[in-house]
Structures are given as structure tokens and as C-alpha cells.
Amino acid sequence: MKPSEMTLSTQGRRSGFTLVELMVAMSVGLVVAGTVVMLLVQASREQRRGFAATTVEENAHNLQARITSALRSMSANFGITPDINTPVTNSSGNVVGYRAIVGFKANGGGTYTSQRLGFDASSGNFSFTPSYSTAPANQIVWMTSGQKVVLRKLFFRNSLNPDLSQNNSLINVSFQMDDNGFSQQNLTNNPANIIRSFAVQMRCD
């Protein structure tokens, strides 16, 4: 046999993959494909969690700003009137605050308008009533709980003076808000779960 014929014959026999080579290639391909899919799923989860945290943080910021603005416009001389029908209790059964309060905004000329801030625990809505004494049904909903964010708790309470008497000019506000499970994480380690407490100084006029 001529050398050229041997070369052509050898090339013809080695032109395809063996079964073992094909199985190895398929295994490597499946590993690579699985890794890519896993990375895409992880990236999607992180994006979802980031969106949830941003949404909750934005809603918490807006709600705090609105409550702060409303309370600062009220007169501390008239104090606040808690809605005794909306108490919030701790694990021991002690009242730690109220989900709704009524304050008084000065109109000038010695007149005041009563205004109500309230959280409805059954619906998760927080509303503002600008003229509570004359139009109690005219509520403006400042926050509505939905699929991607929910207000779990909110309550108001007076601060205390050094002699333990109530300080009607300094109001404490606490609330809890989360993503309503949108990030698919439990509340224990969910970064979108926010518990916020702040104090607001009312006007002394």
C-alpha cells in the first residue's frame, strides 16, 4: 500500500467522534448549561429582592415624611386626642399606643381645625382626614397596602417628661412595613422588612 493511501485511510477512520467522546462532550455541555441557568436564576432573585427593598424603602420614606409634615403643622398647646377604640398592646397586654390620633391645626384668629391620622389594621391603609370634626368621612388615603408592599403596624404615643408626665408636644410614631412576600423571602431574614420609629415635635402656638 502506498503512503498516500494509508494517510487517506487513517483520516477516513478518524473523521467522527467515538461514543465515549460524544458522551463526555454532552456531559460538559450539560454542566455548562446548568451553571448558566443557575446564574440567571440567582441574578433574577437578586434583582427581585433589590426591587422589593427599594419599593418598601420608598414607601416608608414617603409615609414618614407625610406624617411628620402633618404633625408639625398641628398645635401642641391643644395636644392630641388618641382614638381609644384603636389601642395597640404589647405581649403583656399593656397599651403602647394608638393606631389613630386627632390633632388641631391653627387657622388663625384663634380658630383650629381638627385633623385625624389613622391606620386601619384590617385593610392596611393609612389615611389623613383634614377636617375631622366637620367632615369625618372625607379621608385621604396616604398609603394602600398591595401586592408588593404592606403596612403591618402603625401607632402613635406621647413622649414622657422627666417627671413621667405626658409631653403633648413630642409625638412618637412607630410602624412596620414589608414587601408582602414579593421577594420570596421569609420575614426573619428579609431585608425589605422595615421597622421604623421616630419622634415629631409639634408647634407650640
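Residues Phe198 and Leu117 are members of one and the same hydrophobic cluster, defined by side-chain heavy-atom contacts under 4.5 angstrom among Ile, Leu, Val, Met, Phe, Trp and Tyr. The cluster map of Ile, Leu, Val, Met, Phe, Trp and Tyr, joined by side-chain heavy atoms under 4.5 Å apart, puts Phe156 and Met143 in the same cluster.
Within the 4.5 Å cutoff, side-chain heavy atoms of Leu63 are placed close to those of Met177. Side chains of Asp178 and Val56 form no contact here, defined as non-hydrogen atoms less than 4.5 Å apart. Counting heavy atoms from C-beta outward, Leu71 and Ile101 have side chains that approach closer than 4.5 Å. Contact annotation: the side chain of Val173 never approaches that of Thr68 to less than 4.5 Å [non-hydrogen atoms, C-beta and beyond]. With contacts defined as side-chain heavy-atom distances shorter than 4.5 Å, the pair Ile67/Leu154 qualifies. Residues Arg152 and Asn193 form no side-chain contact, since every pair of their non-hydrogen atoms from C-beta on lies 4.5 Å or further apart.
To the nearest 0.5 Å, the span separating OG on Ser131 from CD on Gln139 amounts to 12.5 Å. Here the CZ atom belonging to Arg203 is positioned 13.5 Å from the CZ atom belonging to Phe104, to the nearest 0.5 angstrom. In this structure, CG on Asn138 lies 13.0 Å from OH on Tyr132, to the nearest 0.5 angstrom. Separation of atoms CE (Met74) and OG (Ser169) is listed at 14.5 Å; rounding is to 0.5 Å. Atoms CZ and CZ, from Phe126 and Phe119 in turn, are 9.5 Å apart once rounded to the nearest 0.5 Å. To the nearest 0.5 Å, atom OG1 of residue Thr129 and atom CD of residue Gln115 are 9.0 Å apart.
Checking side-chain atoms of Ser133 against main-chain N and O of Ser114 turns up no donor-acceptor pair under 3.5 Å. Side-chain atoms of Ser145 come within 3.5 Å of backbone atoms of Leu151 as a donor-acceptor pair (strictly under, hydrogens ignored). At least one donor-acceptor pair under 3.5 Å links the side chain of Ser73 to the backbone N or O of Ala70.
The two residues Gln201 and Arg72 make their nearest non-hydrogen contact at O-CG, 3.6 Å. Contact record, Arg66 with Trp142: NH1-CD1, 3.0 Å, taken as the closest heavy-atom pair. For the pair Ser174 and Arg157, the tightest heavy-atom approach, listed with the atom from each and the gap, is OG-NH1, 3.3 Å. Nearest heavy-atom pair, Asn180 versus Gly146, reported as atom, atom and distance to 0.1 Å: ND2-O, 3.0 Å. When all heavy atoms are compared, the tightest approach of Thr113 to Pro130 is CG2-O, 3.4 Å. The two atoms that bring Ser159 and Asn172 nearest to each other are OG-ND2, 2.8 Å, heavy atoms only.
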Would you tabulate the side-chain donor-acceptor contacts of residues 80-91 under 3.5 Å, counting partners in other chains and residues two or more places apart, or write 'none'?
| residue | atom | partner | partner atom | Å |
| --- | --- | --- | --- | --- |
| Asp83 | OD1 | Asn85 | N | 3.0 |
| Asp83 | OD2 | Arg116 | NH2 | 3.0 |
| Thr86 | OG1 | Asp83 | O | 2.8 |
| Thr86 | OG1 | Arg99 | N | 3.4 |
| Thr86 | OG1 | Ala100 | N | 3.3 |
| Asn90 | OD1 | Ser92 | N | 3.0 |
| Asn90 | OD1 | Gly93 | N | 3.1 |
| Asn90 | OD1 | Asn94 | N | 2.9 |

